[in-house]
Chemist: 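This structure is in structure tokens; I'll ask about it shortly.
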Amino acid sequence: MNKTELIEHISKNADMSKAAATRALESMIGAVKTTLKKGNSVSLVGFGTFAVGKRAARSGRNPRTGATIKIKAAKVPKFRPGKALKDALN
């Protein structure tokens with residue numbers, strides 16, 4: 001399912017226009033991004049938790065030349081599924 005299909009699904013199930021469903025989805029995505037940028041996590045009970053993880057600096061190789069390069073430390077988004085979501089899949 002892509003974003004357009006998700007918007008159609010929300011629109012149909014919530015009995016709202018596609019424009020309203022688009023605004024709702026964009027608002028939710030924006031809220032998650034803003035919260036993660038602040039270093040906090042977003043917990044949706046029954047669905048899961050979005051959090052920020054840290055990846056340490058490390059060395060890697062340039063695949064074209066084989067030269068060693070330094071890769072900077074980075075913050076990465078992580079998602080841990082909740083129990084209800086896990087149970088729904090099994």
Side-chain angles (χ1 to χ4, degrees):
M1 176 180 280
N2 62 28
K3 189 174 179 180
T4 303
E5 294 168 341
L6 181 58
I7 290 169
E8 288 177 19
H9 182 79
I10 293 169
S11 171
K12 183 178 176 185
N13 287 351
D15 194 28
M16 60 189 342
S17 69
K18 285 186 183 179
T22 301
R23 287 191 305 272
L25 182 60
E26 292 292 337
S27 177
M28 191 280 252
I29 292 170
V32 171
K33 281 182 186 177
T34 301
T35 303
L36 292 179
K37 275 187 179 180
K38 292 179 183 176
N40 299 324
S41 63
V42 177
S43 295
L44 302 172
V45 177
F47 183 70
T49 302
F50 295 93
V52 178
K54 294 181 181 173
R55 186 178 296 156
R58 62 194 192 280
S59 60
R61 293 210 172 264
N62 180 335
R64 194 176 306 167
T65 64
T68 302
I69 58 172
K70 291 183 179 179
I71 301 171
K72 294 180 183 179
K75 293 179 184 176
V76 293
K78 293 186 176 186
F79 177 74
R80 286 190 318 260
K83 184 177 182 340
L85 180 59
K86 288 180 189 176
D87 291 344
L89 298 176
N90 294 319

Chemist: With distance as the sole test, does Ser11 use its side chain to make a donor-acceptor pair with the main-chain N or O of Ile7 at under 3.5 Å?
Modeler: no
Chemist: If you group Ile, Leu, Val, Met, Phe, Trp and Tyr by side-chain heavy-atom gaps below 4.5 Å, do Phe47 and Leu6 land in one group?
Modeler: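 Shared cluster, no.
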Chemist: Just verifying a value: how many Å separate Met28 CE and Leu44 CG, rounded to the nearest 0.5 Å?
Modeler: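 The distance works out to 6.5 Å.
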Chemist: Applying salt bridge (charged side-chain N to carboxylate O under 4.0 Å, His left out), which residue pairs with at least one partner in residues 61-85 are found, sequence neighbours left out?
Modeler: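 For residues 61-85: Lys83-Asp87.
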Chemist: Can you find a pair of side-chain heavy atoms, one from Pro77 and one from Phe79, that are under 4.5 Å apart?
Modeler: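 Side chain of Pro77 against side chain of Phe79, heavy atoms only: no contact under 4.5 Å found.
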Chemist: Work out which heavy atom in Gly46 is nearest to a heavy atom in Ala84; give both atom names and the distance.
Modeler: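 That closest heavy-atom pairing would be O-CB, 3.2 Å.
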Chemist: Hydrophobic cluster membership, with links at side-chain heavy-atom distances under 4.5 Å among I/L/V/M/F/W/Y: are Leu85 and Val32 in one?
Modeler: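 Leu85 and Val32: one cluster.
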Chemist: Between Ser41 and Thr35, what is the shortest heavy-atom contact and its length?
Modeler: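 So the two residues come closest at O-CG2, 3.8 Å.
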Chemist: Are the side chains of Glu8 and Met1 in contact, using a 4.5 Å heavy-atom criterion?
Modeler: no
Chemist: Looking only at atom types and distance, does a side-chain atom of Ser59 sit under 3.5 Å from a main-chain N or O of Ile69, one as donor and one as acceptor?
Modeler: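 Such a contact is absent between Ser59 side chain and Ile69 backbone.
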Chemist: Take Lys33 and Glu26, measure what salt bridge (charged side-chain N to carboxylate O under 4.0 Å, His left out) needs, and give me the verdict at the end.
Modeler: CA-CA 10 Å; Lys33 281 182 186 177; Glu26 292 292 337; over 6 Å; no
Chemist: Enter the distance from Arg23:CZ to Leu25:CG here, rounded to the nearest 0.5 Å.
Modeler: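 If I round to the nearest 0.5 Å, the distance is 12.5 Å.
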